[in-house]
Amino acid sequence: MGIKGLTKLLNDEAPGCIKEAELSSYTGRKVAIDASMALYQFIIAIRSGSEGFAAQVLTNEQGEITSHIQGIFNRTIRMLTNGIKPVYVFDGKPPTLKSGELAKRMARRQEAQSKLEAAESVEDKEKYGKRLTRVTRKHSEDAMKLLRLMGVPVVQAPCEAEAQCAELARAGKVWATGTEDMDALCFRTPKLLRRLTFGAANKQPVMEVDYQKAIDGLGLTYEQFVDLCILCGCDYTDTIKGIGPKTALKLVRTHGSIANVVRSLDKKKYQVPAGWIKGSNPAPSAKPDEATEGEDGLEGEGASNKENSEKNESAPPESDEKKKAEDAEKADDA
DNA sequence: ACTCTGGGTCAAGACGCT
DNA sequence: TGACCCAGAGT
DNA sequence: AGCGTCC
């Protein structure tokens, strides 16, 4: 996923929305985390790197992967001891809008598959092996079980995890979304935290993005911001050749909406992909049942964040969210 | 000359001992 | 996937 | 900081 070049664009055009802070300044906060994303990173990264052989994931006696368990266990412990309260959100059914992108991924997957079979060198084998890595249903269930046993709240999202994270944040159930993926901003998470890790070799500070300051800084409404993201290139649509972040921002500012932008484009110069955005913008509303209500202005989260520390009521936030989402169908990979 | 896009690359966790 | 670098196209 | 280990 991800919006191509959004970080850089925000840095250039709305610098006020990004700030860096020490981990300690987040103690006491609840943070929603996209679990599938984390699991994927762990499975990619946690390997026994024997020299001369392709690095292997950790497994149990049955040959089942355990890297994700190592990873999520350590990280969660680390967060808890640092006073951060994670809420892990698991993906549900992928939105149908995304099917195009998913098909592309499948194609890339198969390409990697065949390249792996043809691979000679250790490096190639490793490279293509990693490219084949996926988070399966089983991995998610392992993680859920572990987290429940640890007493850490788990949420099953009806659809995309990032969307549910943002929704939890908007509802004040958590203070922020912790992710590397800027998509969460499109779902209006009031705060987005990047690099929320606690490695002993503490590399870089936490990066905090404020949603309200971001759209204010860009001078856009929420709808325009979504339009901008679509133009920049996201998971839901193809892009228009020749239009990147900079010009996309310029165009949206000038024309007000994506529909107007498309209308005013010189079609000879820019090829608009077939079947592109019709009239109204299809905001990636990823919560079929949940997010549609409560569309009204939910002010005050972004600006007056300091007071929110008291928002952490003693009860874990999972109870009602979970119920609603429990029956949602899950994506599974064959 | 400058700005931007696009296509390539690479790396991707966390611990504890030294 | 995202960050980065470099090449090339466009302004 | 670097490096081996985690299964």
Side-chain angles (χ1 to χ4, degrees), chain A residues 1-13 18 23 33-53 55-82 86 91 98 101-102 104-105 108-109 112 123-124 126-135 139 142-143 146 160-162 178-185 192 194-204 207 209 229 231-235 238-251 266 268-271:
Chain A
M1 354 171 119
I3 313 300
K4 206 177 43 170
L6 184 56
T7 312
K8 195 167 175 302
L9 189 70
L10 287 176
N11 238 321
D12 296 347
E13 308 288 335
I18 298 178
L23 280 162
I33 294 168
D34 180 343
S36 311
M37 200 60 77
L39 293 180
Y40 178 78
Q41 317 267 37
F42 291 141
I43 294 174
I44 291 286
I46 305 183
R47 288 165 185 250
S48 70
S50 34
E51 204 72 27
F53 296 96
Q56 289 298 308
V57 290
L58 310 183
T59 62
N60 62 14
E61 302 91 347
Q62 281 85 45
E64 299 166 316
I65 297 181
T66 54
S67 292
H68 56 305
I69 297 178
Q70 279 290 332
I72 211 154
F73 184 74
N74 280 334
R75 182 176 286 183
T76 306
I77 293 287
R78 202 57 156 174
M79 283 189 176
L80 292 174
T81 60
N82 279 72
D91 267 315
K98 229 173 174 170
E101 172 66 20
L102 293 179
K104 272 187 212 157
R105 278 184 206 174
R108 263 179 270 149
R109 225 185 121 68
E123 293 83 24
D124 280 2
E126 188 163 334
K127 185 162 78 179
Y128 296 122
K130 283 189 178 179
R131 213 169 285 181
L132 282 174
T133 299
R134 266 195 314 184
V135 176
H139 300 147
D142 291 343
L146 173 64
E160 282 189 289
E162 294 290 350
T179 179
E180 303 309 304
D181 185 349
M182 283 296 185
D183 273 16
L185 280 182
L192 186 154
R194 284 185 126 182
R195 300 196 292 259
L196 190 65
T197 56
F198 299 83
N202 209 355
K203 311 148 206 179
Q204 298 165 96
M207 172 179 175
V209 184
C229 292
L231 283 169
C232 289
C234 66
D235 280 359
D238 293 322
T239 57
I240 303 176
K241 273 249 186 277
I243 299 203
K246 304 272 187 185
T247 41
L249 177 60
K250 234 174 275 168
L251 288 171
D266 183 351
K268 285 173 201 127
K269 226 183 268 177
Y270 297 103
Q271 290 286 319

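Residue numbers begin at 1 in each chain, while the letters A, B, ... track the order of the sequences. Model, not experiment: these values are computed from the prediction.
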Report yes if a side-chain nitrogen or oxygen of [X] is closer than 4.0 Å to either non-bridging phosphate oxygen (OP1 or OP2) of [N]; otherwise report no.
{"X": "Lys241(A)", "N": "dG10(C)", "value": "no"}
{"X": "Thr7(A)", "N": "dG2(C)", "value": "no"}
{"X": "Arg194(A)", "N": "dT1(C)", "value": "no"}

Round to a whole Å and report the spacing from [atom1] of [X] to [atom2] of [N].
{"X": "Lys4(A)", "N": "dC4(C)", "atom1": "NZ", "atom2": "C1'", "result": "15 Å"}
{"X": "Leu231(A)", "N": "dG6(B)", "atom1": "CG", "atom2": "C1'", "result": "17 Å"}
{"X": "Ile3(A)", "N": "dT1(C)", "atom1": "CD1", "atom2": "C1'", "result": "12 Å"}
{"X": "Met207(A)", "N": "dG2(C)", "atom1": "CE", "atom2": "C1'", "result": "12 Å"}
{"X": "Tyr128(A)", "N": "dT9(B)", "atom1": "OH", "atom2": "C1'", "result": "12 Å"}
{"X": "Lys250(A)", "N": "dT3(B)", "atom1": "NZ", "atom2": "P", "result": "11 Å"}
{"X": "Leu6(A)", "N": "dA3(C)", "atom1": "CG", "atom2": "C1'", "result": "14 Å"}
{"X": "Lys8(A)", "N": "dG6(B)", "atom1": "NZ", "atom2": "C1'", "result": "14 Å"}

Item to check | Nucleic acid footprint by protein, nucleotides 12-18 of chain B - heavy-atom cut-off 4.0 Å, B for base, S for sugar-phosphate alone | outcome: BBSS---
Item to check | Contacts of Arg109(A) that satisfy salt bridge (charged side-chain N to carboxylate O under 4.0 Å, His left out) - sequence neighbours left out | outcome: none
Checklist outcome for this item: Contacts of Arg131(A) meeting salt bridge (charged side-chain N to carboxylate O under 4.0 Å, His left out) (sequence neighbours excluded), chain-then-number -> none
Checklist entry - When rounded to the nearest 0.5 angstrom, what is the spacing between CG in Leu185(A) and CD1 in Ile3(A)? => result 9.0 Å
Next on the checklist: Between dC4(C) and dG13(B), how many Å separate the two P atoms, rounded to a whole number?
Outcome noted: 15 Å
Checklist entry - Can you tell me how far P in dA12(B) sits from the matching atom in dC3(D), rounded to whole Å? => result 14 Å
Item to check | Set of side chain to side chain contact (heavy atoms under 4.5 Å, CB included) partners for Arg108(A), sequence neighbours left out | outcome: Glu101(A), Lys104(A), Arg105(A)
Next on the checklist: Donor-acceptor check, side chain of Ser67(A) to backbone of Ile46(A), threshold 3.5 angstrom: yes or no?
Outcome noted: yes
I'd like to check the side-chain hydrogen bond (donor to acceptor under 3.5 Å, both in side chains) partners of [X]; sequence neighbours left out, ordered by chain and number.
{"X": "Thr179(A)", "answer": "Glu162(A)"}
{"X": "Thr197(A)", "answer": "none"}
{"X": "Lys246(A)", "answer": "Asp12(A)"}
{"X": "Glu13(A)", "answer": "none"}

Next on the checklist: Going 5' to 3' along DNA chain D, between which two nucleotides do contacts with chain A fall, using a heavy-atom cut-off of 4.0 Å?
Outcome noted: dC6(D) to dC7(D)
Checklist entry - Across the strands shown, which category fits Thr59(A) at heavy-atom distances under 4.0 angstrom: base, sugar-phosphate, nothing? => result base
